[in-house]
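In what follows, a structure is listed as structure tokens, so that the remarks can point back to it.
Every value quoted in this text rests on a predicted model; they were computed, and no experiment measured them.
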Amino acid sequence: METASAARPGQVDIWRICLARERPLHLTGAELERASRFHFEADRWHWSRAHSALRTILSRYTGIGPLDLEFQIGEHGKPALENPAAPHFNLSHSGDWALDVERIRENVDIAALLRRLSETDLPENRDACFRRWAHREARSKAHGGPLMIMPPSDTYSADVEMDARYVAAVALIGRSPSTRYYSE
């Protein structure tokens, strides 16, 4: 088990979590109830494994047991730990991976979605458009704001190393992120 150490300013720890692998579940009763509402079993397992891994990882940073962590949800759905001194985090999952990630899909006109978000000067390449989407989403999540509103200009994003079928990004407010990678 890897142990996370305190990050320096601008340092972002990226935890790549393979959701295809079985793992111990650390879910509250409310989370188990929410997981049970997924129609497809694969979606239920991905959600359960992602949230269990999140609790495990945050436990390493805080020293609080995974099931003892208490979350609050911001105005636009951004989760945070109840303790204001706790680390900031985000969880996103797509396909078999959990982080700020987007699976590149042939059947999605990502350029059209970006245009609806008032993104301009779009790249011609489909993969580059997916990368732009991942950066937009990461910047919006950093502020805890809605995706439909352009994130403030003081938000900086960077690519996250991923499998070639995926794109991912991370963002910070006020400085460019530098990354450390972990796997769970």
Show me the side-chain donor-acceptor pairs of residues 32-40 shorter than 3.5 Å, one per line, residues at least two apart or across chains.
residue, atom, partner, partner atom, Å
Glu33, OE2, Arg37, NH1, 2.7
Ser36, OG, Glu33, O, 2.6

For a side-chain contact (heavy atoms from CB on, under 4.5 Å) check, start with the C-alpha distance between Arg131 and His135, then their side-chain angles and the critical distance, and finish with the verdict. CA-CA 6 Å; Arg131 183 169 289 105; His135 280 258; 3.8 Å; yes
Sidechain-backbone polar pair: Arg136 side chain, Leu117 backbone, donor-acceptor under 3.5 Å: yes
Can any side-chain N or O of Thr155 pair as donor or acceptor with the backbone N or O of Pro151 at less than 3.5 Å? no
Please identify each residue that fulfils side chain to side chain donor-acceptor pair (under 3.5 Å) with Arg44, with sequence neighbours left out. none
Ile14 side chain near Tyr181 side chain, heavy-atom distance below 4.5 Å: yes
Would you indicate whether the side-chain heavy atoms of Thr56 and Arg23 approach each other to under 4.5 Å? no
Does Glu41 have any side chain to side chain donor-acceptor pair (under 3.5 Å) partners at least two apart in sequence or in another chain, and if so, which? Trp45
From the list Val108, Leu114, Ile104, side chain to side chain contact (heavy atoms under 4.5 Å, CB included) with Trp133 holds only for Leu114
As an exercise, state the distance from CG of Asp43 to CG of Leu19, rounded to the nearest 0.5 Å. 11.0 Å
Result block: side-chain N/O donor-acceptor pairs under 3.5 angstrom for residues 62-73, not counting sequence neighbours:
residue, atom, partner, partner atom, Å
Thr62, OG1, Leu58, O, 2.9
Thr62, OG1, Ile64, N, 3.1

Enclosure of Glu82 CD (heavy-atom neighbours >12, cutoff 6.0 Å): yes
Can you find a heavy atom in the side chain of Ser48 that is under 4.5 Å from one in the side chain of Leu27? yes
Where the side chain of Lys78 meets the backbone of Lys141, is there a donor-acceptor pair that is under 3.5 Å apart? yes
Of all heavy-atom pairs linking Ile110 and Cys129, the shortest is CG2-CB, 3.3 Å
Set of side chain to side chain donor-acceptor pair (under 3.5 Å) partners for Trp47, sequence neighbours left out: His51
From Ser52 OG over to His26 NE2, what is the distance, rounded to the nearest 0.5 angstrom? 6.5 Å
Residue pair Asp13, Tyr61: steps toward the side chain to side chain donor-acceptor pair (under 3.5 Å) verdict: CA-CA 11 Å; Asp13 290 350; Tyr61 285 91; 2.5 Å; yes
Is the backbone of Thr28 close enough, under 3.5 Å, to the side chain of Glu31 for a donor and an acceptor to pair up by distance? yes
Look only at the side chain of Ser157 and the backbone of Ala171, and say whether a donor-acceptor pair between them is shorter than 3.5 Å. no
So, for Leu122 and Arg132, which heavy atoms are closest and what is the spacing to 0.1 Å? CD2-NH1, 3.5 Å
Could you give the distance from CD (Glu161) to CZ (Arg16), rounded to the nearest 0.5 Å? 6.0 Å
Correct closest heavy-atom pair for Pro87 and Leu81 would be CD-CD1, 4.4 Å
Applying side chain to side chain donor-acceptor pair (under 3.5 Å), can you list everything that pairs with Arg103, at least two apart in sequence or on another chain? none
Checking the side chain of Tyr182 only, and the main-chain atoms of Ile57 only, is there a donor and an acceptor separated by less than 3.5 Å? no
Between Arg21 and Arg49, is any pair of side-chain heavy atoms under 4.5 Å apart? no
Shortest non-hydrogen pair, Val12 vs Pro177, comes out as CG2-CB, 3.8 Å
What's the separation between atom CD in Glu137 and atom CG in Leu147, rounded to the nearest 0.5 Å? 6.0 Å
Determine the minimum heavy-atom distance between Ser183 and Trp15, stating which atoms define it. O-CZ3, 3.9 Å
Do other residues, nucleotides or ligands put more than 12 heavy atoms under 6.0 Å from the CZ atom of Arg165? no
